[in-house]
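Below is one structure, written out as structure tokens, with a few remarks after it.
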2 protein chains.
Amino acid sequence: MGSLTEENYIKSIYALSQATGEVYLSELAKKLDVKLPSVNSMMKRLATKKLVAYAPYKGIRLTEKGKKEALAIIRKHRLAELFLVKVMGLGWEEVHDIAEQLEHVNSSRFYERIDELLNSPKFDPHGEPIPDSNGKIHTQKRTSLIDLAEGLTATITAVAEDEKLFLDHLNTKGLQIGDAVTIKKRELFDGSITLQHKSKKEILLTHQVAERIWVEV
Amino acid sequence: MGSLTEENYIKSIYALSQATGEVYLSELAKKLDVKLPSVNSMMKRLATKKLVAYAPYKGIRLTEKGKKEALAIIRKHRLAELFLVKVMGLGWEEVHDIAEQLEHVNSSRFYERIDELLNSPKFDPHGEPIPDSNGKIHTQKRTSLIDLAEGLTATITAVAEDEKLFLDHLNTKGLQIGDAVTIKKRELFDGSITLQHKSKKEILLTHQVAERIWVEV
DNA sequence: ATAAAAAGTTAGATGAACCTAATATTTTAA
DNA sequence: TTAAAATATTAGGTTCATCTAACTTTTTAT
Ligand SMILES: [Mn+2]
Ligand SMILES: [Mn+2]
Ligand SMILES: [Mn+2]
Ligand SMILES: [Mn+2]
């Protein structure tokens, strides 16, 4: 295992590479809130450690070793989040920041026990899949609410997790993972969406909110 | 709050100053497993931060601010240990090393919830008092088993906590916090002690073990 | 196709946290 | 009371993780 800083780089590279496979150093710099030369020199270090494949002026990608390490950290992060919600009774909107710290705890016993207490859970409180202890992860093809046609009914399977304000917003709207929603109206002007919700209430979501909610039809 | 390293220095200074009040840099160096010049420059840093009182060639002591910070860390450490035992079902012999990491987690919510779930506990799994959220701590006058006269009966109130092998040893001997023991025999030759235990069994403890067990008569 | 913009690199500096080697001060023991 | 031992300090160096400033390469837009 590397340093806390190295772990955070690896995790961010993994997250960014979900889209295209390759990651630009400038993306990484933005995500980690550091300058390009910092990223540049860290990439050289991670390359000598065989965690990323790096060639000057080319984008980077994780090696198998790097991917494995990323998934181990993500596993700890998501197990921690679910534990904080299910066992400790915290809200889904407040667990991410704590999990950012707990994911770096080095103790197989600690995470073994969490996994046992939660019965080897498959999803975190925001609907993200939890990699198993071998680093195997179930990636779902995800459809955003904004891509759903009027009239369709779908189930909320996941939501963006790293902005507390967004989750606070969902709390006030009364939306949760597993809820069935029907698209009543899609506004062409501003991209906002009106949902029919199990609570019988109609819910209006702005584009900004709807794009952070993923569903399964 | 300072860095993880600073927190560990503060905590160690607090622990060492329990005996005499003043702490020698060389003691600190030994405890933290670093060399003297490292301690020396850290003391200068902590002094500018008003966490320790430092003058060249004099021992150091924590300021009130430093003491408060130490107690906050110790509170987190001990709450974490008890949580790991009571809520997560880990053994008292395996929680110290995990708590060494959890004590640096920066989240009042996390520790608030632990405190609530445990009902504002007063003692950790090894019998150490847990400072309250204002940094108030109940220090007991502690008597070691080696200082007890033959024939006396006493209750185990605390044990040394930072050596896993020692706690494993107590587990095999079947000794726990709260157990009543009677001194049957004290050997002059090697300082070993024979106890009468509630389990009806006689238990032989070497001096090395007995000195790490504290009791109340 | 060239100029401008974006992305990436190098050089050199900084602060944190450590180190070794040399030196100074204080304590202890002969 | 002086020498030895213990303790503390200074000087100077290393690695990690960051930065700014200057420069190079690649991409994009006119
Ligand atoms: Mn998260
Ligand atoms: Mn999550
Ligand atoms: Mn402990
Ligand atoms: Mn303890």
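Naming convention: chains lettered A, B, ... in sequence-line order (proteins, then strands); numbering from 1 in each chain.
Counting only heavy atoms from C-beta on, B:Ser38 has its side chain closest to C:dC19 among C:dT9, D:dA8, C:dC19. If you check D:dA8, D:dT18, C:dT9 against the side chain of A:Tyr9, the one that comes closest is D:dT18. Of the candidates C:dT9, D:dA8, D:dA11, D:dA11 carries the atom nearest the B:Pro37 side chain, counting heavy atoms from C-beta on. Looking at the side chain of B:Val34, the nearest of the listed nucleotides C:dC18, D:dT25, D:dT9 is C:dC18. Distance from the side chain of B:Tyr24 is smallest for D:dT7 among the nucleotides D:dT7, D:dT18, C:dG8.
Under 4.0 Å is where a charged nitrogen must lie from a carboxylate oxygen, and between B:Glu161 and B:Arg78 no such pair does. Salt-bridge formation is not detected for the pair A:Lys30/A:Glu27: no Lys NZ or Arg NE/NH1/NH2 atom is positioned less than 4.0 Å from an Asp or Glu carboxylate oxygen.
Note on A:Tyr54: a side-chain N or O is less than 4.0 Å away from OP1 or OP2 of C:dT9. The phosphate of C:dA6 has neither OP1 nor OP2 within less than 4.0 Å of any side-chain N or O from A:Ser26.
Nucleic acid contact class of A:Lys44 (heavy atoms, under 4.0 Å, all strands): sugar-phosphate only. Across all strands shown, A:Thr5 has heavy atoms under 4.0 Å from sugar-phosphate atoms exclusively, and none from any base. At the heavy-atom level, B:Ser3 lies under 4.0 Å from the strands shown only through sugar-phosphate atoms.
Looking only at distances, no side-chain donor or acceptor of A:Lys185 sits under 3.5 Å from a matching main-chain atom of A:Ile183.
Both A:Lys58 and A:Leu36 lie near DNA chain D, and the one whose nearest nucleotide falls closer to the 5' end is A:Leu36.
Spacing between atom CG of A:Leu28 and atom P of C:dA7 amounts to 13 Å, rounded to whole angstrom units. Between the NZ atom of B:Lys35 and the P atom of C:dT23 there is a distance of 20 Å, given to the nearest Å. Rounded to an integer number of Å, the gap from CD of A:Glu6 to P of D:dT18 is 10 Å.
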| request: Run the numbers on A:Asn171 and A:Trp92 for side chain to side chain donor-acceptor pair (under 3.5 Å), then give the verdict. | output: CA-CA 9 Å; A:Asn171 284 342; A:Trp92 73 344; 2.9 Å; yes
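The distance from the NE2 atom of A:His104 to the CD atom of A:Glu6 is 12.0 Å, given to the nearest 0.5 Å.
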